[in-house]
Amino acid sequence: MPSLKLRFNFSGFPHCCYCCSTPKIPSFTSIQSEANIKSTMDRLTSAARLMIVSDLDYTMVDHHDPENLSLLRFNALWEANYRENSLLVFSTGRSPTLYKELRKEKPMLTPDITIMSVGTEITYGNSTLPDDGWEAFLNDKWDRKIVTEETEKFPELTLQSETEQRPHKVSFNVQKDKAQDIMKTLSKRLEERGLNVKIIYSGGMDLDILPQGAGKGQALAYLLKKLKSEGKLPNNTLACGDSGNDAELFSIPDVYGVMVANAQEELLQWHAANAKDNPKVIHATERCAAGIIQAIRHFNLGPSTSPRDVTDMSDCKMENFVPAYEIVKFYLFFEKWRRGEIENSDLYLSNLKAVCRPSGTFVHPSGVEKSLEECVNTLKKCHGDKKGKQYRIWVDQVLPTQAKSDNVV
């Protein structure tokens, strides 16, 4: 087995492990690897094994789950089994501002691609580099000034906050019983003024006006076409949603789809009218991220058992050693150890050492290096120090790199 070197830009080890850090969110510790984080479109040299395209609010993120357990289960599954050879895409109605706010509030992974503002903005990688080609495409028969002029004639429409008004999206709140009539009349008036727009009603109150070529579905179709042109069309794509503005995702050919158990009425009605006989689209029986995991299992898209669902923390198999899986498993053990959810036993520590070569190294952001065995030995001192407290750990962008023939970073 090659030597393993762990290099992180944020460490969750306590004082007893030679370094200490205070997480940004009191109840969570995030560990993000620096290893080989390349631009999204160049990171994969071949087709992605799986591309997941998921809405955020009440799909990937369950705002009724204060412990964020379903999201943490998905995080562990993705980083352990998919990150290295797959693509994660977040497709949200949120503007960049509200998207950033959500990332501060919830233990979210960093996606490879982000589709924001109801499919009107596509960005790539950690630096959220915008797709200029997509922006140029949306300019056809779109004039934001005319949209503003016409919508001002409808007193029933209330503009959403300034952060939600984007170059190719004008957003309002409207009462549910008024929505359909307004959409019909407004669409006709904008067409008469030479515009080609799309009006989307979702969430029981949100009304978005976009260029006709925009939307979550069109953004996904654009991405698939772009990946195909580069010879990297994903082997499988799974679209995940809960509301009306996600319906388009399930209309893209050859894409699997899951409506999570808590899907809203408007999406269920769309499914009944348009896709009830499509075996590639299911209505999960589990909420949010748990429903996404259920869909991976249902469609046989790959591993569907999250490391968080593995109860035997003493299990240690040296054959088929997978660095990403071992890193995820180690930090889950670390979380349970500090929460006092597993007994203070030398057996667990011995098993940890079994996957650590004597030359294995942990590199702290300060540059200080310690052997992995030394780090394991110091765990004795912090068992149960987070018992009864809100303390969770997730790892993000675990990308093992073969630095030398016998060295993995």
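Side chains of P107 and D396 form no contact here, defined as non-hydrogen atoms less than 4.5 Å apart. In this structure the side chain of R166 reaches within 4.5 angstrom of the side chain of E121, judged on heavy atoms. Here the side chains of I115 and W134 are not in contact, with every heavy-atom distance at 4.5 Å or above. Contact of the I52 side chain with the Y82 side chain is not registered, since no non-hydrogen atoms from C-beta on lie closer than 4.5 Å. Residues I209 and F172 form a side-chain contact, since some pair of their non-hydrogen atoms from C-beta on lies under 4.5 Å apart. Counting heavy atoms from C-beta on, the side chains of L220 and M51 come closer than 4.5 Å. Contact check for L267 versus F250: side-chain heavy atoms found under the 4.5 Å cut-off. Side-chain contact between R287 and D65 is absent, with no heavy-atom pair separated by less than 4.5 Å.
Salt bridge status for R193 with D143: absent, with no side-chain N to carboxylate O gap under 4.0 Å. E149 has no carboxylate O lying under 4.0 Å from a charged side-chain N of R189, or vice versa, which leaves the two without a salt bridge.
With 3.5 Å as the limit, one finds a donor-acceptor pair spanning the side chains of R103 and T110. Checking D206 against Q160 by side-chain atom types alone, a donor-acceptor pair falls below 3.5 Å. For the residue pair S95 / T97, no side-chain donor-acceptor distance below 3.5 Å is found, with atom types taken as modelled. Side-chain contact check for N173 and T158: no donor-acceptor pair (N or O, by modelled atom type) lies under 3.5 Å.
The CG atom of L379 lies 10.0 Å from the CG atom of N344; values are rounded to the nearest 0.5 Å. To the nearest 0.5 Å, the span separating CG on L44 from CG on L87 amounts to 5.0 Å. Once rounded to the nearest 0.5 Å, the distance linking CG of L210 with OG of S117 reads 9.0 Å. Taken to the nearest 0.5 Å, the OG atom of S251 stands 9.0 Å off from the CG atom of N278. In this structure, CD1 in I122 is found 8.0 Å from CD1 in I113, a value given to the nearest 0.5 Å. T305 contributes atom OG1, which lies 8.5 Å from atom CG of N81 (distance to the nearest 0.5 angstrom).
Listed for the E335 side chain is a donor-acceptor partner under 3.5 Å among the backbone atoms of I393. Using a distance-only test at 3.5 Å, with no hydrogens or angles considered, no donor-acceptor pair links the side chain of S243 to the main chain of Q264. Side-chain atoms of E79 come within 3.5 Å of backbone atoms of Q397 as a donor-acceptor pair (strictly under, hydrogens ignored). No donor-acceptor pair closer than 3.5 Å links the side chain of S187 to the backbone N or O of K184. One N or O on the side chain of Q165 and one on the backbone of S171 form a donor-acceptor pair closer than 3.5 Å.
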Given side-chain contact (heavy atoms from CB on, under 4.5 Å), test C288 with F74 step by step and report yes or no. CA-CA 10 Å; C288 300; F74 174 85; over 6 Å; no
Between K188 and E191, is a salt bridge (charged side-chain N to carboxylate O under 4.0 Å, His left out) present by the stated rule, with each step listed? CA-CA 5 Å; K188 183 178 180 181; E191 183 179 355; over 6 Å; no
Show, in sequence, the C-alpha distance, side-chain angles and deciding distance for I296 and L77, and conclude whether the side-chain contact (heavy atoms from CB on, under 4.5 Å) test is met. CA-CA 11 Å; I296 294 174; L77 174 64; 4.1 Å; yes
Walk me through it: do F137 and Y222 pass the test side-chain contact (heavy atoms from CB on, under 4.5 Å)? CA-CA 10 Å; F137 171 75; Y222 173 87; 5.6 Å; no
Trace of the side-chain contact (heavy atoms from CB on, under 4.5 Å) decision for V255 with L249: CA-CA 8 Å; V255 169; L249 293 172; over 6 Å; no
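Taking all atoms of both residues into account, the shortest heavy-atom contact from I342 to H383 is O-NE2, 2.7 Å. Summarising the geometry of P279 relative to F299, their closest heavy-atom pair is O-CE2, 3.5 Å, with the distance given to 0.1 Å. When every heavy atom of M116 is checked against every heavy atom of T114, the shortest pair comes out as CG-CG2, 3.5 Å. The two residues A221 and I252 have their closest heavy-atom pair at CB-CD1, 4.1 Å. Across all their heavy atoms, E266 and G203 have their closest contact at OE2-N, 2.7 Å. Nearest heavy atom pair, residue E164 against residue K169, reads O-NZ, 2.8 Å.
Relative orientation of the F334 and Y391 rings is perpendicular, given thresholds of 30° and 60° on the angle between their planes. Using cut-offs of 30° and 60° for the angle between ring planes, the H168 and W142 rings count as tilted. In this pair, Y348 and W337 present their aromatic rings perpendicular. The plane angle is above 60°, beyond the 30 to 60° band.
Other residues, nucleotides and ligands contribute more than 12 heavy atoms inside 6.0 Å of the CD atom of E192. Within a 6.0 Å radius of CG in D254, other residues, nucleotides and ligands contribute 12 heavy atoms or fewer.
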